Amino acid sequence: MITFEIDTEYIELIKLLKATRIADSGAMAKILVENGEVTRNGELEFRKRAKITKGEIITVLGQSVQVV
């Protein structure tokens, strides 16, 4: 599991995917979300700009990211 620390109130989902290098680009991050490859706390997330806050777990292509 990847731990990703934020120092703001939230981070947008596609920015998180880019920052953790799960997605190589913003376009790839958008495609992952649109294709239903992303879960947020165990539920599918289709909003590219969803506000991810501390304590949430994002899973993409078998990789999990915990936001702290």
Side-chain angles (χ1 to χ4, degrees):
M1 179 177 289
I2 301 168
T3 302
F4 187 81
E5 186 173 342
I6 58 174
D7 57 0
T8 56
E9 185 179 341
Y10 66 88
I11 184 169
E12 291 179 353
L13 179 56
I14 57 173
K15 290 181 181 180
L16 175 66
L17 297 180
K18 286 185 350 184
T20 56
R21 298 191 177 177
I22 291 174
D24 295 330
S25 65
M28 182 180 174
K30 288 178 183 179
I31 290 169
L32 289 170
V33 176
E34 290 170 356
N35 289 343
E37 301 286 344
V38 180
T39 62
R40 177 184 188 180
N41 301 320
E43 297 186 22
L44 285 175
E45 179 60 78
F46 292 100
R47 296 173 296 160
K48 298 175 210 93
R49 300 204 181 275
K51 296 176 180 177
I52 308 303
T53 58
K54 293 179 182 182
E56 296 196 271
I57 297 177
I58 305 300
T59 304
V60 186
L61 303 174
Q63 295 185 32
S64 294
V65 179
Q66 182 173 17
V67 180
V68 294

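All values below were derived from every heavy atom in this structure, side-chain atoms included, with hydrogens, water molecules and symmetry-related copies excluded. Remember, predicted model here, so these are calculated numbers, not experimental data.
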Stepwise side-chain contact (heavy atoms from CB on, under 4.5 Å) test for Phe4 and Ile11: CA-CA 10 Å; Phe4 187 81; Ile11 184 169; 3.8 Å; yes

hydrophobic_cluster_shared for Ile6 and Leu16, side chain cutoff 4.5 Å: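 Looking at the clustering, Ile6 is in the same group as Leu16.
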
Once you round to the nearest 0.5 Å, how far does [atom1] of [X] lie from [atom2] of [Y]?
{"X": "Ile14", "Y": "Glu34", "atom1": "CD1", "atom2": "CD", "value": "9.5 Å"}
{"X": "Arg47", "Y": "Ile52", "atom1": "CZ", "atom2": "CD1", "value": "7.5 Å"}
{"X": "Lys48", "Y": "Ile31", "atom1": "NZ", "atom2": "CD1", "value": "10.5 Å"}
{"X": "Ile2", "Y": "Thr59", "atom1": "CD1", "atom2": "OG1", "value": "10.0 Å"}
{"X": "Glu37", "Y": "Leu44", "atom1": "CD", "atom2": "CG", "value": "9.5 Å"}
{"X": "Glu5", "Y": "Thr3", "atom1": "CD", "atom2": "OG1", "value": "9.5 Å"}

Over all atoms of both residues, closest heavy-atom pair of Met28 and Ala23: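 Minimum heavy-atom contact is SD-CA, 3.9 Å.
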
Over all atoms of both residues, closest heavy-atom pair of Ala29 and Lys18: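 Between these two residues, the closest heavy atoms are CB-CG, 4.5 Å.
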
Listed partners of Arg40 passing salt bridge (charged side-chain N to carboxylate O under 4.0 Å, His left out), at least two apart: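 Result, salt bridge (charged side-chain N to carboxylate O under 4.0 Å, His left out) vs Arg40: Glu45, Glu56.
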
Side chains of Ile58 and Leu13 in contact at under 4.5 Å (non-hydrogen atoms):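 Sidechains of Leu13 and Ile58: in contact.
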
Student check: side-chain heavy atoms of Leu17 and Val33 closer than 4.5 Å: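 A side-chain contact under 4.5 Å exists here.
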
Greater than 12 external heavy atoms within 6.0 Å of Tyr10's OH: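 No, the 6.0 Å shell around OH holds no more than 12 heavy atoms from other groups.
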
Glu9 and Lys54: CA distance, side-chain angles, deciding distance, salt bridge (charged side-chain N to carboxylate O under 4.0 Å, His left out) verdict: CA-CA 8 Å; Glu9 185 179 341; Lys54 293 179 182 182; over 6 Å; no

Step-by-step side-chain contact (heavy atoms from CB on, under 4.5 Å) determination, Leu32 to Leu61: CA-CA 9 Å; Leu32 289 170; Leu61 303 174; 3.8 Å; yes

Candidate pair Gln66 and Val68, rule side-chain contact (heavy atoms from CB on, under 4.5 Å), full reasoning: CA-CA 6 Å; Gln66 182 173 17; Val68 294; 4.2 Å; yes

Trace of the side-chain contact (heavy atoms from CB on, under 4.5 Å) decision for Val65 with Ile57: CA-CA 6 Å; Val65 179; Ile57 297 177; over 6 Å; no

